[in-house]
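Read through the structure below, which is laid out as structure tokens, and then see the notes.
Note that the coordinates shown come from a computational prediction; the quantities given were computed from them, not determined experimentally.
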Amino acid sequence: MTDNMNVKNLVEGVYKGEIVLPDFQRSFVWEPEGVRELLVSVLGDYFIGVMLVLEIFKGDSPFALRLFEGVEKVNGAAKIQSIVKIILDGQQRTTALFYALYEPNIPLKGRKSAYKFYLDLEKALNGDWNDAVIGVNIRDKRRLKEINSKNLVIPFGYIKEPRKIVEIFKDHPRFSEIYELVDSFLKRHIYVIKLSKDVDLE
């Protein structure tokens, strides 16, 4: 059975402990470019594959559960909820989206420091999706200073807070386009196949 989900529902569910992982899943293994390319795909509304989800009471779960990586870094009160969606296929994509939007201070694969992802609104408004998404190592102070000096470049962390976008850009001549761009990113459809609780785990 297919289920409706969007980027906003997905990352908020991860943050709240409503969307979790089976404990046997491997750790997050994407490098910065993998995260960046996923953001480009979502921004451009390209198909990013289907996720496989089992919705169940926590106590009925056939396996041990855990929160997604980075959740406890940004939500000290995070705990696994009583009714959960368990991501059986889609962990890396889900973690990448959560990482970009919630910015937990954890290194990506092969790196010693965390990365922060930015959206160049001017390039995105012109449909230049690839160059619109920028990943920066948080230790690269020169690059961060350069990016933060640009009025139309924002951290992906701002995207999850539409009020912040309104506050920053309400007087900008392209405000309605900027807001629509951000809103459409959050509402981007995630294709999910929801398994029945009675499905044979094999």
*asked:* Suppose the criterion is salt bridge (charged side-chain N to carboxylate O under 4.0 Å, His left out): which pairs have a residue in residues 173-182, not counting sequence neighbours?
replied: R174-E177

_According to salt bridge (charged side-chain N to carboxylate O under 4.0 Å, His left out), does anything in residues 89-100 pair up with another residue at least two apart or in another chain? List the pairs._
D89-R93

_Working for side chain to side chain contact (heavy atoms under 4.5 Å, CB included), residues L195 and V53_ = CA-CA 6 Å; L195 298 176; V53 170; over 6 Å; no

*Can you find a heavy atom in the side chain of I19 that is under 4.5 Å from one in the side chain of L10?*
yes

*Looking at residues at least two apart in the chain, or sitting in another chain, which of them share a side chain to side chain donor-acceptor pair (under 3.5 Å) with E103?*
none

*asked:* Do I190 and I48 have side chains that approach each other closer than 4.5 Å (heavy atoms only, starting at C-beta)?
replied: yes

*Going by the angle between their ring planes, with limits at 30° and 60°, are Y102 and F98 parallel, tilted or perpendicular?*
parallel

_Can you list everything that forms a side chain to side chain donor-acceptor pair (under 3.5 Å) with S113? Sequence neighbours excluded, please._
R139

*Is the shortest distance from a Lys or Arg side-chain nitrogen in E146 or R142 to a carboxylate oxygen in the other one below 4.0 Å?*
yes

*Residues in side chain to side chain donor-acceptor pair (under 3.5 Å) with K187, at least two apart?*
D183

*Any donor-acceptor pair under 3.5 Å from N6 side chain to H189 backbone*: no

*Output yes when a side-chain donor or acceptor of Q81 lies under 3.5 Å from a complementary backbone atom of K16, and no otherwise.*
yes

*Apply the test side chain to side chain contact (heavy atoms under 4.5 Å, CB included) to residues M51 and Q91: give CA-CA distance (whole Å), side-chain angles for both, the deciding distance (0.1 Å), then the verdict.*
CA-CA 8 Å; M51 296 189 185; Q91 175 206 358; over 6 Å; no

_Applying ring-ring contact (aromatic ring centres under 6.0 Å, His included), can you list everything that pairs with F185, at least two apart in sequence or on another chain?_
F156

_I want to check something: taking the side chain as every heavy atom from C-beta on, are L121 and L119 in contact at a cut-off of under 4.5 Å?_
yes

_Any residue meeting ring-ring contact (aromatic ring centres under 6.0 Å, His included) with Y99, in chain and number order, not counting sequence neighbours_ = none

*For the pair V7 and V42, evaluate side chain to side chain contact (heavy atoms under 4.5 Å, CB included) and give the outcome as yes or no after the intermediate values.*
CA-CA 9 Å; V7 170; V42 174; 3.9 Å; yes

*Quick one: salt bridge (Lys or Arg N to Asp or Glu O under 4.0 Å) partners of D45, sequence neighbours excluded?*
R188

_I'd like to know if Y115 and I138 are part of one continuous hydrophobic network [Ile/Leu/Val/Met/Phe/Trp/Tyr, side-chain heavy atoms within less than 4.5 Å]._
no

_I'd like to check the side chain to side chain donor-acceptor pair (under 3.5 Å) partners of E33; sequence neighbours left out, ordered by chain and number._
R36

_Clusters formed by hydrophobic residues whose side-chain heavy atoms approach within less than 4.5 Å: which one holds I147, and what are its other members?_
Y118, I134, V136, L144, V153

*Less than 4.5 Å apart, any side-chain heavy atom of V74 and any of Y15?*
yes

_According to salt bridge (charged side-chain N to carboxylate O under 4.0 Å, His left out), does anything in residues 112-127 pair up with another residue at least two apart or in another chain? List the pairs._
none

_Donor-acceptor contact below 3.5 Å, side chain Q92 vs main chain S27_ = yes

_Between K164 (side chain only) and E161 (backbone N and O only), is there a donor and an acceptor less than 3.5 Å apart?_
no

_Can you confirm whether more than 12 heavy atoms, excluding those of N151, are under 6.0 Å from its CG atom?_
no

*Take atom CD in E72; do more than 12 heavy atoms of anything else shown fall under 6.0 Å from it?*
no

*asked:* Here's one to test your reading of the geometry: is the NZ or CZ of K109 within 45 degrees of the ring axis of F28 and under 6.0 Å from its centre?
replied: no

*State which residues pass ring-ring contact (aromatic ring centres under 6.0 Å, His included) with Y158; sequence neighbours excluded, sorted by chain then number.*
none

*Write down the atom of Y179, the atom of I165, and the distance for their closest heavy-atom approach.*
CD1-CG2, 4.4 Å

*Do I83 and E55 touch side chain to side chain, with heavy atoms closer than 4.5 Å?*
yes

*Could you please spell out the steps behind the side chain to side chain contact (heavy atoms under 4.5 Å, CB included) verdict for K85 and M5?*
CA-CA 12 Å; K85 288 184 170 79; M5 194 179 288; 3.8 Å; yes

*asked:* ring-ring contact (aromatic ring centres under 6.0 Å, His included) for F47 and Y191? Distances and angles first, verdict last.
replied: CA-CA 9 Å; F47 182 61; Y191 291 89; 5.6 Å; yes

